[in-house]
Amino acid sequence: MKLKATWFDTIIVVIICLISLLVILPFLYIIAVSFSPPGDSMAGNFFIWPKHWTLDAYSYLLNANTFLTSVKNSVIITAMGTVLSLFVSITLAYALSKKFLPGRRIMLLVIFFTMIFHGGMIPNYLVVKNLGLIDSYWAVVLPAASSAFNIMVIRSFFQSLPESLDEAARIDGAGNSGFSTRSCCRCPNRLSPPSPCSSWCSSGTSSSRRSST
């Protein structure tokens, strides 16, 4: 049985196509500018298809001494920032998900306060300067080491885990660090592929079921 397209479906498709064009056209324009001479791009003699093709921009970029340095800095900052942000966010969120943590509500209030109010660029610069981090990778990595939003999301994830899974993990000999690390991986179910810690999650779940029965 074939479903007939209504006028409402047609309008929705047209709107989606227009929005897609608004997103794609700026990227196409940037690519066209990179393959055109500076004079043509400044004069605006084309939109998507350049009139005169050239690779001068890419030749200048690859021959510049700062290009490899920029790529190296990007890779180092991304790697350091990702590892440090995951470590800080997961450990703090796991601790805040436990109800027996002393001062838990005060810490949650402080973290939530930073989501609403932010010091701004100048206080951030003064903190980095007073710590002696100017002209170093840590000046970029440390201020972004933790995100209040990410901490709240990960904390909600830890709170959604059943307590029986935590008890089963401790019976199997896992500590706080082992449980928080392994529980961040997706536990197996019928709709998702197995994760690297699927065997541990499945064994923990089965152990918790046996202990409950």
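- The main-chain N or O of L86 is never found under 3.5 Å from a side-chain atom of S89 such that the two would form a donor-acceptor pair.
- In this structure, I19 is a member of the same hydrophobic cluster as F8, with clusters built from ILVMFWY side-chain heavy atoms closer than 4.5 Å.
- Remark: L18 pairs with V14 by the side chain to side chain contact (heavy atoms under 4.5 Å, CB included) rule, at least two apart or across chains.
- Scanning all heavy atoms of the two residues, the minimum distance from F112 to I116 falls at CE2-CD1, 3.4 Å.
- Shortest non-hydrogen contact noted between S36 and T54 is C-CG2, 3.5 Å.
- Panel note: side chain T78, backbone V75; no donor-acceptor pair is recorded below 3.5 Å.
- Separating the CD1 atom in I15 from the OG1 atom in T10 is a distance of 11.0 Å, to the nearest 0.5 Å.
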Acceptor/donor pairs from residues 100-109 side chains to any protein atom, 3.5 angstrom cut, sequence neighbours excluded:
| unit_1 | atom_1 | unit_2 | atom_2 | d |
| --- | --- | --- | --- | --- |
| R104 | NE | L96 | O | 2.7 |
| R104 | NE | K98 | O | 3.4 |

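- Side-chain contact annotation: S59 with D56, donor-acceptor N/O pair under 3.5 Å absent.
- The OG atom of S146 sits 13.0 Å away from atom CD1 of I90, with the distance rounded to the nearest 0.5 Å.
- Minimum heavy-atom separation, V23 to F27: O-CD1, 3.0 Å.
- Annotation: the span from L92 atom CG to S97 atom OG amounts to 10.0 Å, rounded to 0.5 Å.
- Here the CG atom belonging to N150 is positioned 11.5 Å from the CD1 atom belonging to I111, to the nearest 0.5 angstrom.
- By the side chain to side chain contact (heavy atoms under 4.5 Å, CB included) test, L22 pairs with no residue at all, sequence neighbours left out.
- Between A57 and S34, the shortest heavy-atom contact is CB-O, 3.6 Å.
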Can you list, pair by pair, the side-chain donor-acceptor contacts under 3.5 Å of residues 120-144, counting residues two or more places apart and other chains?
| unit_1 | atom_1 | unit_2 | atom_2 | d |
| --- | --- | --- | --- | --- |
| N130 | ND2 | L126 | O | 3.0 |
| S136 | OG | L133 | O | 2.5 |
| Y137 | OH | N73 | OD1 | 2.7 |

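- Connection of F149 to I151 is established within a shared hydrophobic cluster, with ILVMFWY side chains joined at heavy-atom distances below 4.5 Å, either directly or through further cluster members.
- Residue W7 qualifies as open at atom CH2: its count of foreign heavy atoms under 6.0 Å is 12 or below.
- Rounded to the nearest 0.5 Å, atoms CD (Q159) and NZ (K99) are 7.5 Å apart.
- Here the OG1-CD1 distance, from T6 to I11, works out to 8.5 Å after rounding to the nearest 0.5 Å.
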Practice item. Could you check T69 against N65 for side-chain hydrogen bond (donor to acceptor under 3.5 Å, both in side chains), going step by step and ending with a plain yes or no? Key: CA-CA 7 Å; T69 304; N65 296 327; over 6 Å; no

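- F117 pairs by the ring-ring contact (aromatic ring centres under 6.0 Å, His included) definition with F113, not counting sequence neighbours.
- Sorted by first and then second residue, the pairs that involve residues 58-84 and meet ring pair (Phe, Tyr, Trp, His ring centres under 6.0 Å), not counting sequence neighbours, are F35-Y58.
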